[in-house]
Structure formats: C-alpha cells, structure tokens
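The next block holds one structure in the form of structure tokens; read it before the comments.
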Amino acid sequence: KLSDLPPPPKVDCLHYVHDGELKLWEGETVDVLSCVCVNDSGAEERVNLGRIHYIDTATAIQLVDSAYKAFDLGRGKWPHATVAERL
C-alpha cells in the first residue's frame, strides 16, 4: 500500500540553462508520473513525482543550438570548464 511507504520527494524541474545562464521556466508544465502503480482505493494509480517544463519546439531548438555551441565538438567552453565553472 502506498500509505505504508514514505512519500517520494516531489521534484519540480523548472529551471534550465540557456547560453550559460540559469533561467526559470514560466511556461506550460507537465506532471511526471511514476511507472509504478499503486492500488490503495481499488483503482490503479500512478504516483505523481513532480513536474517538468513542457518546452515548445522553438525553445528546444534554441537550447540545442546553445548546447552545441558550448560544446563545439569538444573544443568549446563547456568541456574545458571546471566543475565549479559549470555550476
């Protein structure tokens, strides 16, 4: 039973990185549901684990382009940055 288990921590992944800047997603979101079903009330339910941003196609392309430039086939800023610089 779900009630016998500790509740999973809710994870809201609403931040993303674009051109090296951490940004808050203010658009549409989508719930992340566990692949594990529980049956406490006689009906199988999937546990809600949190939510993530639902990025539109245009934004996704901008983010891929930004990541491609940052990586630059292993010669860009990202692969040469220290862990501290990446965070």
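All values reported here derive from a predicted model rather than from experimental measurement. Each residue takes its place number in the sequence, starting with 1.
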- Task: Run the salt-bridge test on Arg51 and Asp12 with the 4.0 Å N-O cut-off and return the result as yes or no.
- Result: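 Salt bridge: yes.
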- Side-chain donor/acceptor of Asp56 to backbone N/O of Ala58, under 3.5 Å: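 Side chain of Asp56 to backbone of Ala58, a donor-acceptor pair under 3.5 Å: yes, one is there.
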With sequence neighbours excluded, residues passing side-chain contact (heavy atoms from CB on, under 4.5 Å) with [X]:
X     : answer
Glu85 : Ala81, Thr82
Val36 : Ser34
Val17 : Leu22

Could you pull out all donor-acceptor pairs under 3.5 Å where a side-chain atom in residues 61-68 meets a protein atom, sequence neighbours excluded?
residue, atom, partner, partner atom, Å
Ser66, OG, Asp19, N, 2.9
Ser66, OG, Asp19, OD1, 2.9

- Query: Which residues satisfy the salt bridge (Lys or Arg N to Asp or Glu O under 4.0 Å) test with Asp72, sequence neighbours excluded?
  - Reply: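 By the salt bridge (Lys or Arg N to Asp or Glu O under 4.0 Å) rule, Asp72 matches Arg75.
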Same cluster (ILVMFWY, side-chain, under 4.5 Å), [X] and [Y]:
X     : Y     : result
Val30 : Leu49 : yes
Val47 : Ile52 : yes
Leu14 : Ile55 : no

- With a 4.5 Å limit on heavy-atom distance, are the side chains of Thr29 and Tyr54 in contact?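 No, every pair of side-chain atoms sits at 4.5 Å or beyond.
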- Message: Side chains of Tyr16 and Leu24, heavy atoms from C-beta outward: is any pair under 4.5 Å?
- Response: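 They are not in side-chain contact.
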- Non-neighbouring partners of Lys77 that pass side-chain hydrogen bond (donor to acceptor under 3.5 Å, both in side chains), sequence neighbours left out: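 None.
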- Query: Roughly how far, to the nearest 0.5 Å, is CG of Asp31 from CG of Asn48?
  - Reply: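 With rounding to 0.5 Å, CG (Asn48) is 4.5 Å from CG (Asp31).
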- Query: How far does CZ of Arg46 sit from SG of Cys35, to the nearest 0.5 angstrom?
  - Reply: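 Rounded to the nearest 0.5 Å, the CZ-SG separation comes to 7.0 Å.
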- Query: His15 and His53: which non-hydrogen atoms are nearest, and at how many Å?
  - Reply: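 Nearest heavy atoms, His15 then His53: O-NE2, 3.6 Å.
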- Closest non-hydrogen atom pair between His80 and Gly74, with its separation: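 Distance-wise, the nearest heavy atoms are CE1-O, 3.2 Å.
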